[in-house]
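Reviewing the structure listed below.
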Amino acid sequence: MKKIALCLLIGSILFGSSVERLKAQLIEYIATKLNAHSPVTRIYVANGLGEEVESYFRDVEVVDRCEEADIIFTKKISALPESCLNKLIFVTSYGSYKRHKDRTIGAFFWQKGRPNIIFNTKKISQLHIELPKEFEKYME
Amino acid sequence: MRRFLLWSLLMVPLLGEDLSLDQILNRLAIEDDLSKKTIEESAGSVIVFTREDLDRMEIKSLAEVIEKIPFMRFNENEYGLTDPGYHPFQPPNANLIKLYIDDREVIDAMGTGGLQLFSQMDLGYIDHIEIYFGAVSFTIGIEPSLAIIKLYTKEPDRENANIIDLSYATYGTHDLNFYGAQELEDYSYLIYYDHKVVRRPKVSYNGTPLSRNKHIDMVGCKITKGGVRFDFSILNGGYDSFISKTISLEPRDPKTYLKNLYTGLYYKGDGWKALTNFSYYNINTHSSSPKLQGVLPVENPPYIYPYKEMYFHIHESLIDGEVSREFKVDNWKFLVGTKGRVRSTEFLESRYGEIEKGKNRYQGDRTLTAYFEGNYLFDQSNIVTCSFKRDFIYEDLVENYYRSSWRLGYIRNSEEYTVKLFAIETGLVPQPIIFIEQEIWGNLQEPLRQGKTRVVSGEFIKRFDGGFYSFMGGRVTYKDFFVRDPRSRKITNSPKRQKIDSLLFRTHYRWNGERDKVVFRYYLSWLHRNETNLYRGGDLTLYKGLGKVDGYTSLIYRDGYSGLKAGYDLHLALSYQPNRRTTLYLKGINLLHKALKSNYYGFDPFRGELLTLRGVDTIDRTVWFGMEYQF
């Protein structure tokens, strides 16, 4: 029975969780490459991603309180405390991005059945963030 | 176990693979595709058309998918409606190919199968399609089936867009469809609308034009909140009914009009699933012929009445519901459930020439089903599945039917290969259309026994880097199936036993960062111990992307059909995305004009002569030009 449990655990880490692993890679990629002058190392991941995603992070530290984070990944901005609203916020819902465009630097969402990334040009320039060249095609 | 751990350790460095943002998004699109969440590997052998496949195909109707189902040929009935068949043999009116939209079985009026009506609809609001074949699990649906086509509607949280699609095709066919889907704070919605006018080249018999034009308007919505979903749709359509039931093959402008209303409520959560659906149909069909529409037996005095006009007006409603619970006990995974369906059919008018038959005695049926499925996981790789189902079918006109079905299966799964073995036995109960015909012809006194179907199938799937190949074999046995005597039109149980053997090879390979894909399928099927008459078929399909252009081409082959030349149907689609919001596309089917044709038969009772309409295209050579715009 122990063998089965171990097998299932390893199997789920390697295969069952490939989606979670890719989501973690995506978040880490955005966080680490977002600003060459001021690299992001501490992230706060709120509702919408799941604990499993966090287990795949390698180059960033996940913090428990949004106040301690350099960047926040969240589905609902309305669920964040007031003290965190001045942080870099990246949303994981299209609806949230549309409603709170003035507060977010970008969004990850599905559109027409495909995953999409958008960076909010206005907010990015307000915050004087210098995006790498490969992010330019995602700017809106 | 040691090998597995070693292999696992070898794989660990791949977790650190450096990918660009584009590559991560592309992989996520493939790995997190909705079809991977819905597929039920233990339900049978399965073919999946992913969202990406359907987009590249620029799919215009379900017929394009039906054409590719192994062992099956796309065909149309005498009304010009979709009526695919398993070959070399399938019992008449058995309705063994089922259509599902999400969790709902789509049933046309009088149990004739949802394909006739719904295969005409646009698939703009469909995300992906799964086709189960072989010994298909009966935990999907109430009726037994040889193939199940499952359509999954788009998920609003994966759409977040409003899309309008306009297309125009040869002969004047045109289509306007729209869908809008959004994820909001607490709920999400999908709304869709389709207006379709299908104009097809005329066929003629003895100078009589036979039309298969159609027009359909459909509007619907899906609202989801947590585990609860509400569905609603209305369909209004009409079509020129081709030959209709005109035995002289020379009808004068036959027409059918139909309306369908559907609503459903679903819940899924904590291992529970519950659903209820309601469907309502209103159908008017009229057909006449200057020569002969049909003949009707009259009892008093007994004679055969020839008539030149026929009219039906039918109302039908279907209510069904299901509750099921999934739970685990040690290495067992159980599914227990019950389903029920009430069908009410009312003939408001049925007229044959001067004879008004009024309301038929057939008024519907009620079915209650209880089922159980147990999956035992010996370990990560070995699963045994067993299921049992009992149906209680209460009929108004004849004795009730009690049907028992069972299914056994074994699945061995590893990273390199999968083996699937299934055996199923189930009963065949006459569809309502059979009772209605029996009543008209005064044959209801002799009850039909329940038929029996047995299916045994096995599949070996070998995976390799970028794809897989598979071999599948199966045998279907029918006993006591229903046959119609062409002279008396009486339907009886056949004394013969019919066995069909089949083999299928398929392979699938992806490359170019998994953007491009080639699929090949080839099958053989034959009546047992009659290998000289082989039915052959397959398809070779290529999906290719190049910059802003996506391409799709497919050659579908069918051969072995008596009196018909081999069919080769070439599909081609090209789509170009000049910007993020716009897609322009060009699509063609039956481009070689060599797709498998069909023959239709009538009868002259005065001369005792069989009438034949030969070589009719069931798939027209059609080219579409269209544009999709996102706003």
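Just so we're on the same page: letters track the sequence lines, and every chain starts at 1.
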For [X], look at atom [atom1] and say whether over 12 heavy atoms of other residues, nucleotides or ligands are found less than 6.0 Å away.
X       : atom1 : result
K225(B) : NZ    : no
Y187(B) : OH    : no
N86(A)  : CG    : yes
K268(B) : NZ    : no
N579(B) : CG    : yes
D102(A) : CG    : yes

Under 4.5 Å from any heavy atom of chain A - which part of [X]:
X       : value
I163(B) : side chain
Q630(B) : side chain
Q23(B)  : neither

Shortest non-hydrogen contact between D22(B) and K137(A), atoms and distance: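 Answer, listing the atom of D22(B) first, then K137(A): OD2-NZ, 2.7 Å.
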What one should report as the nearest heavy-atom pair of L22(A) and E31(B) is CD1-CG, 3.6 Å
Only one of K98(A), K75(A), R99(A) passes salt bridge (Lys or Arg N to Asp or Glu O under 4.0 Å) with E183(B); say which it is. K75(A)
Do L28(B) and R114(A) have side chains that approach each other closer than 4.5 Å (heavy atoms only, starting at C-beta)?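 In short, these two side chains do not touch, never coming nearer than 4.5 Å.
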What residue, out of G113(A), S78(A), S93(A), has the most heavy-atom pairs lying under 4.5 Å from chain B? G113(A)
Report the option among D157(B), D127(B), L25(B), I30(B) that has the most heavy-atom pairs separated by less than 4.5 Å from atoms of chain A. L25(B)
Hey, is the main chain of K112(A) close enough, under 3.5 Å, to the side chain of R51(B) for a donor-acceptor pair?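 Side chain of R51(B) to backbone of K112(A): a pair is present.
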Would the distance check show the side chain of N160(B) and the main-chain N or O of G95(A) forming a donor-acceptor pair, the cut-off being under 3.5 Å? no
So, the part of Q111(A) with a heavy atom under 4.5 Å from chain B: the answer is both
Under the side chain to side chain contact (heavy atoms under 4.5 Å, CB included) rule, what do D32(B) and K23(A) come out as? Steps first, then yes or no, please. CA-CA 10 Å; D32(B) 204 15; K23(A) 282 181 185 170; 4.1 Å; yes
